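Structure first, commentary second.
This one's a predicted model, so the numbers in the text were calculated from it and none came from an experiment. FYI, side chains are in, hydrogens and waters are out, and symmetry mates aren't considered; it's all heavy atoms of this structure.
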Amino acid sequence: MLELHCHTTCSDGTLTPTELVQAALEAGVRALAITDHDTLAGWDEAQQAAAETGLEVVPGLELSTVCNDRSLHILGFYPEREKLEPPLRERIAGRHQRAKAIAEKLAALGYPVTLPEIGGEMAPGRPHIAAALVKAGHASSQQEAFTRWLGDDGPAYVQYDKFAAEDGIRLLRDCGAVPVWAHPYLFRGGTVETVLPKLVAAGLMGIEVYHPHHSTSEVRRLEEACRQYGLLMTGGSDYHGPANPPANASQTKPRKADKAATALNQLKLPLDLLPPLKAAAAKLRG
């Protein structure tokens, strides 16, 4: 009944914050984290929609960083908004520049697209560009767009700004947020065993142990790593909307998935995972 990794239209999800709250309620979720990419824009609408419903909205985000020249995502829970929003504006500006650079590459390859109108605190990502490729008739699906052009090794790929994972972890902690490594086994820049100690040394406080793309054996290894390093365990569906499997930037190309692969509450995570996360956030704030 716990969902600690969900996206809305404020980044690359297909449901508005209000629609996500309604979908979570229908799925039996009792605590829902809003973790859009590099933005806090969905919080207010989600909290308003959840008022008087009994659903607890957990404020969060998914921060885009780089490790070993590969994208590595870090979830941050319970950040102090007034501290985090100013540096995030730089990250959002970088996302806009990256989207423009990808569009320029596509045009040079003979596949021009019109970028969607995205402003304010909303953050454009590759799924938005994939949708533009489909709309322009260059691809039959977003999956095809990633496979042909937008994957990490694709001809239109543009790297994130060089924002190191260690710096991202320190930023989140400085802003009162609990940093958690998102879907470690989707990371393509090294093994969990070699990367995790570096992240822990930088101040990592948790691992997203439970994720639809983690196998049973991977989950067991991550649980053991949490015990070894004294880290928090979190989990979530990485939900991007119905029939919209996430094309995670940390993957070389999106894995095959269907509705079941990103269904809300599919992991049936216990609410017992939430109090330690809250306690850790309270400790960070002194």
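- For the pair L222 and P184, the minimum side-chain heavy-atom distance is below 4.5 Å.
- Hydrophobic cluster membership is shared by V219 and V192, with clusters built from Ile, Leu, Val, Met, Phe, Trp and Tyr side chains linked at under 4.5 angstrom.
- For the atom pair CG (L150) and CG (L106), the distance works out to 6.0 Å, reported to the nearest 0.5 Å.
- Among H73, H213, H183, the single residue meeting the side chain to side chain contact (heavy atoms under 4.5 Å, CB included) criterion with D238 is H183.
- The distance from atom CG of D272 to atom CE of M233, rounded to the nearest 0.5 Å, is 12.5 Å.
- Partner S237 forms a side-chain hydrogen bond (donor to acceptor under 3.5 Å, both in side chains) with one of H5, Q266, E3, H211 and no other, that one being E3.
- Panel note: side chain R126, backbone F146; no donor-acceptor pair is recorded below 3.5 Å.
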The test is side-chain contact (heavy atoms from CB on, under 4.5 Å); show your working for L269 and L4 and say whether it passes. CA-CA 9 Å; L269 297 176; L4 290 177; over 6 Å; no
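- A side-chain donor-acceptor contact under 3.5 Å links R221 and Y185.
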CA sep, side-chain torsions, deciding dist, call: L277, Y78, side-chain contact (heavy atoms from CB on, under 4.5 Å): CA-CA 9 Å; L277 196 60; Y78 298 105; 4.3 Å; yes
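- T35 and E62 share no donor-acceptor pair across their side chains, judged by distance under 3.5 Å alone.
- Electrostatic pairing of E223 and R220 counts as a salt bridge here, judged by a charged N lying under 4.0 Å from a carboxylate O.
- Between the side chain of H96 and the backbone N or O of A93 there is no donor-acceptor pair closer than 3.5 Å.
- Taking all atoms of both residues into account, the shortest heavy-atom contact from L32 to C6 is CD1-SG, 3.6 Å.
- Sparse packing is recorded around CZ of R30, with 12 or fewer heavy atoms of other residues, nucleotides or ligands lying under 6.0 Å away.
- Closest approach of N68 and G189 over heavy atoms only: ND2-O, 2.9 Å.
- Here the side chains of K105 and P155 are not in contact, with every heavy-atom distance at 4.5 Å or above.
- What you find for V21 and A46 is that their closest heavy atoms are CG2-O, 3.6 Å.
- With respect to the salt-bridge test (charged N to carboxylate O, under 4.0 angstrom), the residues D174 and K83 do not qualify.
- Under the 3.5 Å distance criterion, with hydrogens and angles disregarded, no donor-acceptor pair is assigned to the side chains of E224 and Q228.
- Here the CD1-CD distance, from I102 to E104, works out to 10.5 Å after rounding to the nearest 0.5 Å.
- Using a 4.5 Å heavy-atom cutoff, the side chains of I169 and L63 are not in contact.
- Screening D12, T8, T14 for a side chain to side chain contact (heavy atoms under 4.5 Å, CB included) involving H240 leaves a single residue, D12.
- Few gaps surround CD on Q159; more than 12 heavy atoms of other groups in view lie less than 6.0 Å from it.
- Annotation: the span from E85 atom CD to E80 atom CD amounts to 12.5 Å, rounded to 0.5 Å.
- Put simply, CZ on F77 and CG on L232 are 10.0 Å apart, with the number rounded to the nearest 0.5 Å.
- Here the shortest heavy-atom pairing between L115 and I129 reads CD2-CG1, 3.9 Å.
- Counting all heavy atoms, side chain and backbone alike, V209 lies closest to H214 at O-ND1, 2.9 Å.
- Hydrophobic clustering (side-chain heavy atoms under 4.5 Å, transitive across Ile, Leu, Val, Met, Phe, Trp, Tyr) groups V180 together with Y229.
- When the options V66, D38, L171, L72 are evaluated for a side chain to side chain contact (heavy atoms under 4.5 Å, CB included) with F163, the one that passes is L171.
- Side-chain contact check for H138 versus E144: every heavy-atom pair is 4.5 Å or farther apart.
- Shortest non-hydrogen contact noted between A24 and L55 is CB-CD2, 4.4 Å.
- Taking 4.5 Å as the limit, every side-chain heavy atom of T234 sits out of range of all side-chain heavy atoms of V178.
- Under 3.5 Å, the side chains of R95 and S64 contain a donor-acceptor pair of N or O atoms.
- Rounded to the nearest 0.5 Å, atoms CZ (R170) and CG (D167) are 5.0 Å apart.
- Counted by atom type alone, T16 and T18 present zero donor-acceptor pairs between their side chains at under 3.5 Å.
- Checked against a 6.0 Å centroid threshold, the rings of H7 and H37 count as neighbours.
- Between L172 and M205, the closest side-chain pair of non-hydrogen atoms is not below 4.5 Å.
- The aromatic rings of W149 and Y111 sit tilted, their planes meeting at an angle between 30° and 60°.
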